[in-house]
Chemist: 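Following this message is one structure expressed as structure tokens.
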Amino acid sequence: MKARAPVTGGNFGVWGGMFSSFDCVIRGYRQKEGAWNAISAGFFTGGCLALRSGPKSALGSAVAYC
């Protein structure tokens, strides 16, 4: 568990950074603060993180992160 801690922390950091970035971009585009910003950010984050597995997997992950 100790050996995997840096990898797990790095993955969490990447996920958090992408989610926050998408959330800020969506908030700036919509000029509104609401639940749809977080929902959309989760969709885009899940899709981007699964892109290496192919488009079908990316869509499935995007929907799962909503």
Side-chain angles (χ1 to χ4, degrees):
M1 192 161 186
K2 246 184 181 178
R4 296 283 303 161
V7 174
T8 303
N11 289 342
F12 183 77
V14 168
W15 188 92
M18 286 183 76
F19 183 87
S20 295
S21 297
F22 280 125
D23 192 39
C24 287
V25 168
I26 293 167
R27 188 180 328 134
Y29 180 74
R30 292 183 66 222
Q31 295 294 313
K32 292 181 183 179
E33 183 68 44
W36 284 107
N37 295 351
I39 293 168
S40 301
F43 179 84
F44 289 124
T45 300
C48 283
L49 290 175
L51 272 176
R52 290 185 287 172
S53 300
K56 187 176 180 181
S57 177
L59 181 61
S61 291
V63 171
Y65 274 103
C66 279

Chemist: Quick check: is Val63 connected to Trp15 through a chain of hydrophobic side chains (ILVMFWY, heavy atoms under 4.5 Å apart)?
Modeler: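 Trp15 and Val63: one cluster.
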Chemist: CZ/Phe12 to CZ/Phe19 distance, rounded to the nearest 0.5 angstrom?
Modeler: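 Between Phe12 CZ and Phe19 CZ, I get 11.0 Å after rounding to 0.5 Å.
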Chemist: Would you check if Leu49 and Val14 make a side-chain contact, meaning some heavy-atom pair closer than 4.5 Å?
Modeler: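 They are in contact (side-chain heavy atoms under 4.5 Å apart), so the answer is yes.
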Chemist: For Ile26 versus Ser40, what's the shortest heavy-atom pair and its separation?
Modeler: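 For Ile26 and Ser40, the tightest heavy-atom pair comes out as CD1-CB, 3.4 Å.
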Chemist: Looking only at non-hydrogen atoms, find the nearest pair between Lys32 and Arg27 and report the distance.
Modeler: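 Closest pair (atom of Lys32, atom of Arg27, distance): O-CG, 3.5 Å.
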Chemist: To check you understand the geometry: which heavy-atom pair defines the closest contact between Asp23 and Ala38, and what is its length?
Modeler: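 That closest heavy-atom pairing would be OD1-N, 3.8 Å.
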Chemist: Of all heavy-atom pairs between Ser61 and Gly46, which one has the smallest distance, and what is that distance?
Modeler: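 That closest heavy-atom pairing would be CB-O, 3.5 Å.
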Chemist: Would you say Phe22 and Trp36 are hydrophobically clustered, going by side-chain heavy atoms of ILVMFWY under 4.5 Å?
Modeler: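 Hydrophobic grouping puts Phe22 apart from Trp36.
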Chemist: Which atom names give the shortest non-hydrogen contact between Ala58 and Ala50, and what distance separates them?
Modeler: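 Heavy atoms only, the tightest pair is CA-CB, 3.7 Å.
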Chemist: Give, for atom CG of Leu59 and atom CZ of Phe43, the distance between the pair rounded to the nearest 0.5 Å.
Modeler: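 Rounded to the nearest 0.5 Å, the CG-CZ separation comes out at 6.0 Å.
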